[in-house]
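Predicted, not measured: the structure shown is a model, and the values here were computed from it. Every number for a ligand or one of its atoms is a count from 1 in the order of the listing.
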Amino acid sequence: MNVLLCGDFGADERLRWQRALAVALPEAKWLDEAGARARPDAVQAAVVANPPPGSLQGLPQLRLIQSLWAGVDRLLDDSTLPAGVPVARMVDPAMNAAMAETALWAVLSLHRGFFEYARRQREAQWLAHKQRRANEVNVLVLGQGQMGRATAARLLQQGYTVMGWKRDGAPLTPLLGRAHIVINLLPLTPDTRGLLDAAFFAALPPKAAIVNLARGAHVIDADLLAALDSGRLRHAVLDVFRAEPLPGEHPFWLHPRVTVLPHAAAITDPRSAATVAAANLRAALAGQAVAHLVDRQRGY
Ligand code: GLV
């Protein structure tokens with residue numbers, strides 16, 4: 001089996017993936033982009049992490065494109081992506097668990113006011129605030145995919161009052177009206193782009209908080225800053241941004257009511273993800289059903 005491995009990998013990242021994939025799929029021969037260009041007829045499958053646009057065209061034997069990323073919005077943006085080849089998202093159990101941990105940390109910190117205490121420490125201010133119980137905190141999870149469900153389950157276990165919403169589900173506004181904390185885990189599609197805008201923030205109760213762990217383009221940055229500056233929103237925990245890395249001059253960096261993470265809420269774990277990818281590649285080449293296929297029309 002000849003597999004193209006390509007993407008915008010960091011320094012050691014490519015090597016880590018190569019090692020994990022070689023263990024999970026010892027029968028495969030791995031090609032890089034130059035190797036695929038030299039022998040386009042040989043490439044039977046591709047394992048990709050946000051590959052440069054155009055890298056998957058002109059491969060006549062390609063049977064599966066397996067993403068190492070859970071979110072495939074950037075991959076699907078490539079207009080040269082071969083139309084007839086199935087695309088699979090990464091569904092990595094370790095990644096779901098990591099996402100649920102990050103969400104729990106954010107909710108716990110917001111619920112108990114730990115971000116506020118960190119701010120007060122910098123001002124040498126000794127001041128405790130009222131302590132609410134977990135079940136008095138309504139958390140709305142946007143997105144009911146693998147990560148949304150894992151997160152909701154974790155928060156329920158911890159005693160929070162959890163509500164869920166998905167794009168084609170119940171109307172959003174009444175849920176927003178009851179949400180003290182909103183966690184965004186939606187896929188980025190034309191329908192969800194810019195969903196977190198001024199109207200969205202205005203529908204929340206005063207002093208609500210948002211946690212964006214999905215994609216930066218879900219948020220209208222200027223509207224979020226306005227809602228924070230007016231005091232309408234209490235805090236925002238942001239892991240994802242319209243431009244990444246977040247540019248040094250962006251107001252989110254130093255905003256006292258924003259916590260910035262470097263797109264690290266849940267990183268794909270090569271140890272488990274390589275096993276998931278290997279099972280899919282074997283299935284595709286044996287003509288069997290492939291898991292976690294993307295519906296290109298729907299966008300995820
Ligand atoms: C991370 O954001 C991913 O989509 O895997």
For atom 5 (O) of ligand 1, what's the nearest protein heavy atom and its distance? A70 N, 2.7 Å
Give the residue and atom name of whichever protein heavy atom lies nearest to atom 4 (O) of ligand 1, and the separation in Å to one decimal. G71 N, 2.6 Å
Could you tell me whether D8 and R74 have a side-chain N and a carboxylate O separated by less than 4.0 Å? yes
For the ring pair F9 and W69, is the centre-to-centre distance below 6.0 Å? no
Should the heavy atoms of other residues, nucleotides or ligands under 6.0 Å from CD of E123 be counted, would the total exceed 12? yes
Please verify the inter-ring angle class for F252 with F241; under 30° counts as parallel, over 60° as perpendicular, anything in between as tilted. tilted
So Y117 and H129, would you call those rings parallel, tilted or perpendicular, with 30° and 60° as cut-offs? parallel
May I ask whether M95 places a heavy atom under 4.0 Å from ligand 1? yes
Do any nitrogen or oxygen atoms of W69 lie less than 3.5 angstrom from nitrogen or oxygen atoms of ligand 1? no
To atom 2 (O) of ligand 1, the nearest of R74, H263, M99, R89 on a heavy-atom basis is H263
